[in-house]
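Notes to accompany the following structure.
Below, all heavy atoms of this structure are taken into account, side chains as well, without hydrogens, waters or symmetry copies.
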Amino acid sequence: ETGMEYGLNGCHSRYPLGAITLPGSAGLTLAIRMDEPVVHRIAYNPRLHLFYLAIDFGLVPQQRVDGRPLSEAPFRILLYRHDPAWGFRSALQRYYEFFPNFFTKRAAKEGGWYVWGDMSQTDGALEAGLGFHWGPASTPAVQWDNAHGPLSLFYIEPQTYQQTMEDFDRQPTTDEVLERLRKLEQGDPQELARVASQPYRVYPVSPTGGSLEKNIQATAQIVMESLNHDLAGQPYSIIGQFEWMQKSKWGAILSCNLAPGIPNGKGQMNLQQIIGPALRDIETAGARYDGIGLDSLGGYGTHSMVNYRRAHFPYSKFPLSFSAIDYQPVQVAAFTTVEWLGTLAESVHAEGRILMANCSWYMTPGWLTFAAPYLDVFGAEATEFADPDFIRAIACRKPCTDLPYTPRPAWEVTRHWLHAIHPGHGNDLKMMQDCAGLLRDLIAAGWEPITGARVSPDTVRIERYGGGPRFYLVLHHPADQPAAAQVQLDQKVLGEGDYDALVLPADQQITIKNSLAEVSLAPKETLVLMLTRP
C-alpha cells in the first residue's frame, strides 16, 4: 500500500504475511501478529536473493504513562514453512491455525447490510438475506429486528468530530473553523448560542445531562484534547458542503485520536458517554442493540494519517513510527483507533454483542489487518469491496457485506458467491433472493483458503467452500468472452475417490473423468460446482 504519511517512502505491506516458494521444493513465510500493529514491509529482492521483513519504528526519549519507555519498540516476527504446492494460500492456512482467536466468528447471523429506517417497511428484506440493520430509526424498528432475526446495530462515527458551519454562505476557512471550536471550548456565550441554533449543531453532543450549550461546550473540550495534529502542528480539517448538513450545508470534519488512555479524550467519551448510555437506554425502552455500527472507520483520510502531537504519545501502548515526509517520530492515527477498538471489543463481546465497521470505499485500506481481530462484520459503502481477496483473507469466515444504494447488474450480484460476500441494501431484492439460498449454503460449508483445485484458463477465478463428502467450487469468469474452463481436482487435498458433480444454480449434472471437470462459462458468469461422493 502506497501514499501513506508514515513509514519509509509511505509504503507498507497490507497483508500480515508474505510467502516465497520454490515450486516442488520448499516454501517460506515471514509474518507479523495482527494484534501487534507495526508499519511493516515484506518483500523479496531478487538481485540480493534476499527475502526480508522490515519494520519502521520511531523512538523518542519519553515515557508512557505506564512507565514503559518510548525509546524502545518491542516486536515479534514469525518465520515458518508452508506447502510449496499451494504457496501463499498454504501460508495463510497456517496463519489461521497459529492464531485462531484473531478469526473467531462471533456474529450469530449472516446477511447483507441495511441502513437507517425500519426494515419492516421493506417487503422481502428477510428473504433477500438482509441481516445487519445499521442505525434503526426508532425503538419499534429495533424491536422488530429483535423479533424477526436481523441484528440491530447502534450507529456511531467514532473517529471524527463534525462541526456545523451552516450559518456560512461561503466556504469557511480553516482558521474560522478552528476559531469556532476554540470559542466553543472556552464557553463563549454568543458562539454557543449561534451553534445551538443551527439544525445540525455539533455531532456528537456529549450527553452530560445539562443544557444544550453546556453539552456543546463539553464536547468541544473533549475534542480539543483529542485532535490529531499535522506536520505544522495544526488539526486536520476537511471543509466542504455535506449532504447531511442543513441550511448552507457547510461543515468541517476533524480527526480525533481515540487512544482510550487520553484523559477526557474522545475515546473515553465514545465509550462512557455515548455507547454505554445508548445500550442501556434502548434496553430500558424494551429493546436491545445486538452490536455497534462504526461508521467511516479509517475514512476521511484517517487510514493514511499521522499524529505529530507529542502530548499524545505517552497514552498509546503501541510503538511509534516515523513520518514519510520528514522522518520525525509520529503516531500512526489508525493504530490509536485499533487500541480503542480492542477496549470496545472487550466489553461488547463480553455482553454477546458484535462490532460492524464501514471500512471500505474506493479502496480497502491495509490498516484493517490490525483492526480485523476485533471486528465481527466488515462493510463496504460501495458497490463492492475494492479488494475482496484481502478482506476475505483478514476476515477469514467472518461476514462481509457491501452497500451499493442502487441496483447492480445481475452478474455483479452473483459474483458475490466467489468470496461469500453478502450483497447489501440497494440491490434488486428479487436478484438478492435468487442468490441468497446458495450463498447460505456456501457460508455454512465454510471458506477454505486452499482451493484443492486448479482451473484453466488462469483468468478464471476459483474458491472452495467446505470439504469432506460435500464441498463447493465457485468459478467466476471476469472476461467479456465465453470460456471453456477445465477444473483439475487435487485428491491429496480433497480426498481420493469419485465425485458426482452438479453445476449450480442450473442443477446441471456433469461428468468428472480423471479428476477433471469441464465447465462452460458465459462472459462475467459465476457458477458453483457442488461435488459429492456417491
Side-chain angles (χ1 to χ4, degrees), residues 1 13-34 40 42-44 51 53 78-100 102-105 364 366 368-369 372-373 378 385-398 400 415-421 442-443 445-468 470-478 485-496 515-517 526-529 531:
E1 185 171 69
S13 294
R14 301 168 75 230
Y15 285 86
L17 69 157
I20 190 167
T21 302
L22 182 61
S25 179
L28 194 64
T29 304
L30 283 168
I32 48 87
R33 292 175 57 107
M34 291 168 67
H40 67 291
I42 307 174
Y44 178 70
F51 180 41
L53 191 156
L78 286 79
L79 174 68
Y80 60 90
R81 299 176 183 181
H82 63 258
D83 181 352
W86 293 101
F88 182 85
R89 287 178 177 266
S90 172
L92 193 59
Q93 176 64 52
R94 293 206 70 195
Y95 194 92
Y96 296 153
E97 292 166 357
F98 291 144
F99 304 111
F102 295 169
F103 309 100
T104 301
K105 188 174 180 178
T364 305
L368 291 174
T369 284
F378 298 79
F385 278 91
D387 190 342
D389 291 325
F390 171 63
I391 203 68
R392 180 50 67 204
I394 62 170
C396 193
R397 294 180 177 178
K398 296 178 183 180
C400 302
R415 186 178 58 185
H416 285 73
W417 290 332
L418 182 65
H419 292 96
I421 291 174
L442 296 172
I443 290 168
W447 174 72
E448 297 289 345
I450 296 175
T451 60
R454 305 181 194 278
V455 61
S456 61
D458 57 11
T459 53
V460 176
R461 292 296 313 273
I462 185 169
E463 295 292 344
R464 174 166 65 101
Y465 294 83
R470 171 175 290 183
F471 59 92
Y472 302 85
L473 296 174
V474 184
L475 304 176
H476 172 67
H477 178 46
Q486 294 188 324
V487 182
Q488 184 69 54
L489 307 181
D490 185 339
Q491 293 196 347
K492 291 182 180 178
V493 175
L494 302 176
E496 297 183 358
S515 299
L516 182 69
T526 304
L527 295 176
V528 178
L529 289 181
L531 294 101

Look up atom [atom1] in [X] and atom [atom2] in [Y], then write down how far apart they are to the nearest 0.5 Å.
X	Y	atom1	atom2	answer
Ile443	Lys105	CD1	NZ	6.0 Å
Tyr472	Leu529	OH	CG	12.0 Å
Ile462	Leu475	CD1	CG	5.0 Å
Leu494	Phe471	CG	CZ	4.0 Å
Gln93	Phe98	CD	CZ	10.5 Å
Leu17	Ile42	CG	CD1	6.5 Å

Item to check | side chain to side chain contact (heavy atoms under 4.5 Å, CB included) between Tyr44 and Leu30, worked out | outcome: CA-CA 11 Å; Tyr44 178 70; Leu30 283 168; over 6 Å; no
Shortest non-hydrogen contact from [X] to [Y]?
X	Y	value
Met34	Pro16	CG-CB, 3.8 Å
Gly466	Glu448	O-CG, 3.8 Å
His82	Ala19	CE1-CB, 3.4 Å
Asp83	Ser90	N-OG, 2.9 Å
Arg464	Val493	NH2-CG1, 3.8 Å
Pro84	Ser25	CG-C, 4.0 Å

Checklist entry - Can you name the one residue among Val455, Val487, Val528 that meets side chain to side chain contact (heavy atoms under 4.5 Å, CB included) with Leu473? => result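 Only match with Leu473 under side chain to side chain contact (heavy atoms under 4.5 Å, CB included): Val487.
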Item to check | Passing option when Trp86 is tested against Thr21, Leu92, Asp490 for side chain to side chain contact (heavy atoms under 4.5 Å, CB included) | outcome: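 Between Trp86 and the candidates, side chain to side chain contact (heavy atoms under 4.5 Å, CB included) is satisfied uniquely by Asp490.
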Next on the checklist: Arg461 vs Asp389, test: side chain to side chain contact (heavy atoms under 4.5 Å, CB included). Steps then yes/no.
Outcome noted: CA-CA 11 Å; Arg461 292 296 313 273; Asp389 291 325; 3.0 Å; yes
Next on the checklist: Quick check on Arg454: does its CZ atom have over 12 non-hydrogen neighbours (other residues, nucleotides or ligands) under 6.0 Å away?
Outcome noted: yes
Next on the checklist: Looking at Glu97, I want to see if its CD is surrounded by more than 12 non-hydrogen atoms of other residues, nucleotides or ligands under 6.0 Å.
Outcome noted: yes
Examine distances only and state if a side-chain atom of [X] and a backbone atom of [Y] form a donor-acceptor pair shorter than 3.5 Å.
X	Y	result
Arg14	Thr364	yes
Tyr465	Leu418	yes
Arg397	Arg392	no

Item to check | Parallel, tilted or perpendicular, as decided by the 30° and 60° cut-offs, for the rings of Tyr95 and Phe102 | outcome: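 Rings of Phe102 and Tyr95: tilted, as their planes differ by 30° to 60°.
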Next on the checklist: Evaluate Leu527 against Trp417 for side chain to side chain contact (heavy atoms under 4.5 Å, CB included), listing each step before the verdict.
Outcome noted: CA-CA 8 Å; Leu527 295 176; Trp417 290 332; over 6 Å; no
Next on the checklist: Among residues at least two apart in sequence or on other chains, which ones pass side chain to side chain contact (heavy atoms under 4.5 Å, CB included) with Ser515?
Outcome noted: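 Partners of Ser515 by the side chain to side chain contact (heavy atoms under 4.5 Å, CB included) criterion, ordered by chain and then number, come out as Gln488, Leu489, Gln491.
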Item to check | Test of ring centre spacing under 6.0 Å for Phe88 and Tyr15 | outcome: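 Yes; Tyr15 has its ring centre under 6.0 Å from that of Phe88.
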Next on the checklist: In the structure I gave you, are the side-chain heavy atoms of Thr29 and Leu78 within less than 4.5 Å of one another anywhere?
Outcome noted: no
Checklist entry - Can His476 and Glu463 be said to form a side chain to side chain contact (heavy atoms under 4.5 Å, CB included), step by step? => result CA-CA 9 Å; His476 172 67; Glu463 295 292 344; over 6 Å; no
